[in-house]
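Note sheet for the following structure.
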Amino acid sequence: MNQLLHNMNPQQKEAILTTEGPLLVMAGAGSGKTRVLTHRIAYLMSEKQVSPYNILAITFTNKAAREMKERVEKLIGERGKDVWISTFHSMCVRILRRDIDLIGYDLNFGILDDADQLSVIKTVMEDLNLDPKRQSPKYFLSQISNAKNELKSPRDLSKEFENEDVIRVYERYQQILFKNNRVDFDDLLVLTVHLFEKHPEVLTFYQNKFQYIHIDEYQDTNNAQYQIVSLLAQKFRNICVVGDSDQSIYSWRGANIENILSFEHDYPDAKVVLLEQNYRSKQMILNAANDVIQNNSGRLDKRLWSDRGEGNQIEYYRALDGDVEATYIADKISYMRRDSYDYHDFAILYRTNSQSRAIEQAFLRQNIPYRLIGGQSYFKRKEIKDLMAYLRLICNPDDDLSFKRIVNEPKRGIGAASIEKLTQFANEAELSLMASIDEVDNGIARATLNKFIDFKQMIYMLRSQIEAYSIAEFIDLVLRQTGYLEMLENENTIEADSRIDNLGEFQSMATQFEEVDLNEILAEEESEERADELSTMTKLVILLNDLMLQTDTETEEEANESKVTLMTIHAAKGLEFPVVFICGFEDGIFPLHSALEQGGDELEEERRLAYVAITRAEDILFITNAQSRYQYGRRSANRESMFIHEISDKYLNKTGIETRSKRPSFTLQEALDNRSPKKTIQTITLTTDSSWKSGDKVLHDSFGEGVVVGVKGEIVSIAFSSPHGIKKLMGSHPALKKRG
DNA sequence: AGGTTAACTATTTTT
DNA sequence: TAGTTAACCT
C-alpha cells in the first residue's frame, strides 16, 4: 500500500485519492484535515506526477502555511519547497507585485495596516467635517471593509442607498490610498480580482499554473476570496476545499459561511467527504461539544467520535468571584503539573482579552510561568512602525502617510500646524508633501521651511545611497542618519533600551530575509530573478510588504517553552492542548451581551465559538465562571452561561457554589491514567551566561516585584504586576536585583 | 510646540 | 479598570 495512505481511515483515503474534480472535505475538529491536505499534495506529486509548480494550497494564517510547508517537505523532500503554500493575502501580494501596474498602481506599492487605515479615515473625516462622536472612525472602517469584502465600490454602494457619509468617506479614503500608492489588506484581495477581470491573460496564466487548488478553512472565506478561488479554479476545476461550518467564527470580519454550505451547488459534480473521527480528544469532551453545537439550526449534522477512550467528566466550577476563579485555575495547574503535566500542556481560553488580567495576577502570585498570545504585536510597536515608515518613504518619497508619521520623529521642530499648512498647499497643487517643499509659493515661513528642506535632503541622501548596502546595513544607516537611534539612546530608560533591542531584532530579521527567505519566495514563484540580482530597493519593498502580513512573531523555541498559554478562543482555533480551561463562562461574557440580546446568527456564532473552545482539549477540560466579578471597574453579577445548560449533566462534574458536587474532583491517579501517550516534551533549557532562570523572583527599582518568565540570551523576560506587565530587560541591568 | 489632565467608552481581529 | 482622545495650560 502506498506509504502516503498508511494509517488513514477510509474517508481520509478517499479525500487523498480523489485528485481530479471538485472535492469538499467536511472536516470536524481534530479529524486530521491538515494531515489529509499534506498527504494529498504529496500524493499528487509522487503518484500523479503533478509538478509542484502546478499546485496551490491556501491557508488563513502564516503559521498554518509554514506548518503545512514543513510537513509537505517532510513527506516529499526538497521538491515540496516549490509548491505555493501561502495565505490568501501573501498570494495576492505576489500576484500584484508582478502586474499591479496593469491596473494603475505602481509596482512598488506598500501595504497599510489597520492602525494606518484608521488614521487615514480620521483625516478624511476631518476634511469632510464629520463628527467622530456621531459615527466613529471604526464604524467607517468596518463599513468600508465590509464593502470591499463584497467587492463593492463606492459607486455600487450609492446604488443601494447606503449611508451617504460612508460612501463619501470610502471614496475619499480610496483616493488617498491610491495617491500614496498604498493598499490595505482588503485591497489585496479586491485588486487581485480586478486584475484578473480586466486582464484575462493574467488570469489565464495563473489558471494554467494552479491546476490543483487546495483551500483550508474554507468556512472562513469572504466573498472576495471566494471570487478569487472561483476564477482560479474555473479552468481545471481541480479544487479541494476543506473546512468545518461549525467552526466558522469570523463572520464579523466578512467570512461567509454560505461559501462552504453552497459548494455542492457551485460544483454539482463535487464529491463530498465527511471526516467525523476525531483523533484529538476523549469521547467525553466530544460529547459535550456535540451537545452544544446541536443547538444550532441549519447545520449539517455531524457527530464527532473518538477511540481515544471515554475520559473524565468535564470539570465545571462556579466560583464566588473572579479572583476565586483565577485562583482555582492556578491551584489546579500547580497540582496537576507536579507529576502528570508540564506547564505547556495547559491553555486558558477566554472570550475577551480583558479577562486575561485576573488570570495573570493569580499566576504571578503562584509563580506559574505563562505566555500571553495576542495583544500588542511586534509590528505594531511604535519604533518598528516608525522605521518602516522611514524605509517606505525612502523607497517612495511621495508617500505622504509615511512622511507625516516620521517628519517630526525624532523632534525636528516641525509641528502639526506646519504640516497642516504644507498639506493644504499640497492638496491644492496636487502634489505630494515631499514635492511641495520645493515649491516657492507654498507659504511656509522661512525658518520652518529650512527644517523641511533639511529633512528632504536627508531622505534623498539616504535614497541615493541605498544600492551601496545590504538591507540590514542600510537599516543601520537610516537609524543613525535620521537621529532616531540617538533619540532613543539619549532617553536612557529601560523602555527606550527595549525599543533599541526591537530595532536590532528587526535588523536581524532583515538579514535572514535577504539571505534565505527571499530566494525561497522567488523559487516558489518560478521567477527567473534571483535575490542577489535584485536591487536593494526592490528587496526592501518586498520585505516591507512581507512583514506587513506577518503578525505572529513567536519563534518555535518560544512556543515550546514550558509555560501555560493564555489566549482568546479565536486565537486558539487550530490548536490543541492536553488540558484546557475555558473561563468566564457566563451570560454577558460568553455569550457576549450583544449576542445574547440579538440572538439569531450572532448567538449561533458564539455557540460555534464555544464548540471551538471545547474541542481544543485532548484529555481534560475545565469550564469555570464566577458569580460576580469586576467589569469596567464595577462589580457585576453574571448568570452561568446558557451554553452550560446545553451540556448534558451526565458529562459534567459540578463543583463550587450553587452547584451540588456529585463527587470530588478527579484524583491524581485518574489524571495520570488520562494522560496522552507520553509525548516527547521539548523543554528547552537555555544555557546562558546569565544566572537568571524562569521562576526567579526579582526586585526592580521602578517596576517593583516580579517573576522571571523567560530567558533568552542576555534578555530576561520578567512579569511585573499591573500596569507594567511583561518587560524584556537586560539581565545585567543595574536596576534589577534577585529577591530571595 | 509639547506636555498634562479631564472626560469618555467598553467583542472577537487569521491578514 | 484602563486606554484613548480632546481640551487646556505652560
| task | Would you please test A:Val93 and A:Leu188 for side-chain contact (heavy atoms from CB on, under 4.5 Å) and show each step? | result | CA-CA 6 Å; A:Val93 169; A:Leu188 292 172; 3.7 Å; yes
If you restrict it to nitrogen or oxygen atoms, what contacts under 3.5 Å exist between nucleotides 4-10 of chain C and the protein, and what is each distance?
unit_1: C:dT5; atom_1: OP1; unit_2: A:Lys122; atom_2: NZ; d: 3.1

| Minimal non-hydrogen separation, A:Gln631 against A:Ile589, with atom names | OE1-CG1, 3.8 Å
| query | Judged by modelled atom types alone, do A:Glu640 and A:Asn625 share a side-chain donor-acceptor pair under 3.5 Å? | reply | no
| Flag if over 12 foreign heavy atoms under 6.0 Å of CZ, A:Arg635 | yes
| Looking just at side-chain N and O atoms, do A:Ser145 and A:Ser142 make a donor-acceptor pair shorter than 3.5 Å? | no
Table of protein N/O atoms under 3.5 Å from nucleotides 1-6 of chain B N/O atoms:
unit_1: B:dA1; atom_1: OP1; unit_2: A:Gly415; atom_2: N; d: 2.4
unit_1: B:dA1; atom_1: OP1; unit_2: A:Ser418; atom_2: OG; d: 2.9
unit_1: B:dG2; atom_1: OP2; unit_2: A:Asn408; atom_2: ND2; d: 3.3

| note | For residues 122-145 of chain A, the ring pair (Phe, Tyr, Trp, His ring centres under 6.0 Å) pairs (sequence neighbours left out) are none
| message | Pick the closest DNA chain B nucleotide for A:Thr87 and for A:Ser594 by heavy atoms, then say which residue is nearer the 5' end. | response | A:Ser594
| said: With a 6.0 Å cut-off on the ring centroids, do A:Trp84 and A:His214 count as close? | reply: no
| message | Going by the rule ring pair (Phe, Tyr, Trp, His ring centres under 6.0 Å), which residues pair with A:Tyr611 if we only count those two or more places apart in sequence or in a different chain? | response | none
| query | What's the CG-C1' distance between A:Leu141 and B:dT13, to the nearest Å? | reply | 11 Å
| task | Mind checking A:Tyr630 for me? I need base, sugar-phosphate or nothing, with any heavy atom below 4.0 Å counting as a touch. | result | nothing
| request: Look at the side chain of A:Asn353 and decide which nucleotide, out of B:dT14, C:dG3, B:dT13, has an atom nearest to it. | output: B:dT13
| field | Counterpart residues, side chain to side chain donor-acceptor pair (under 3.5 Å), relative to A:Asn408 (two or more places apart) | value | none
| query | Do A:Asn295 and A:Glu646 meet the criterion of a side-chain donor-acceptor pair at a distance under 3.5 Å? | reply | yes
| Whole-Å gap separating C1' (C:dA2) and CZ (A:Arg357) | 7 Å
| message | Applying a 4.0 Å non-hydrogen cut-off, can you work out what A:Arg634 is touching in the nucleic acid: base, sugar-phosphate, or nothing? | response | nothing
| query | Is there a side-chain polar atom (N or O) of A:Thr568 under 4.0 Å from OP1 or OP2 of B:dT13? | reply | yes
| field | Contacting residues from residues 245-259 of chain A, given that a heavy atom lies under 4.0 angstrom of DNA chain B | value | A:Tyr250, A:Trp252, A:Arg253
| said: Using 30° and 60° as the class boundaries, would you call the ring planes of A:Phe403 and A:Phe452 parallel, tilted or perpendicular? | reply: parallel
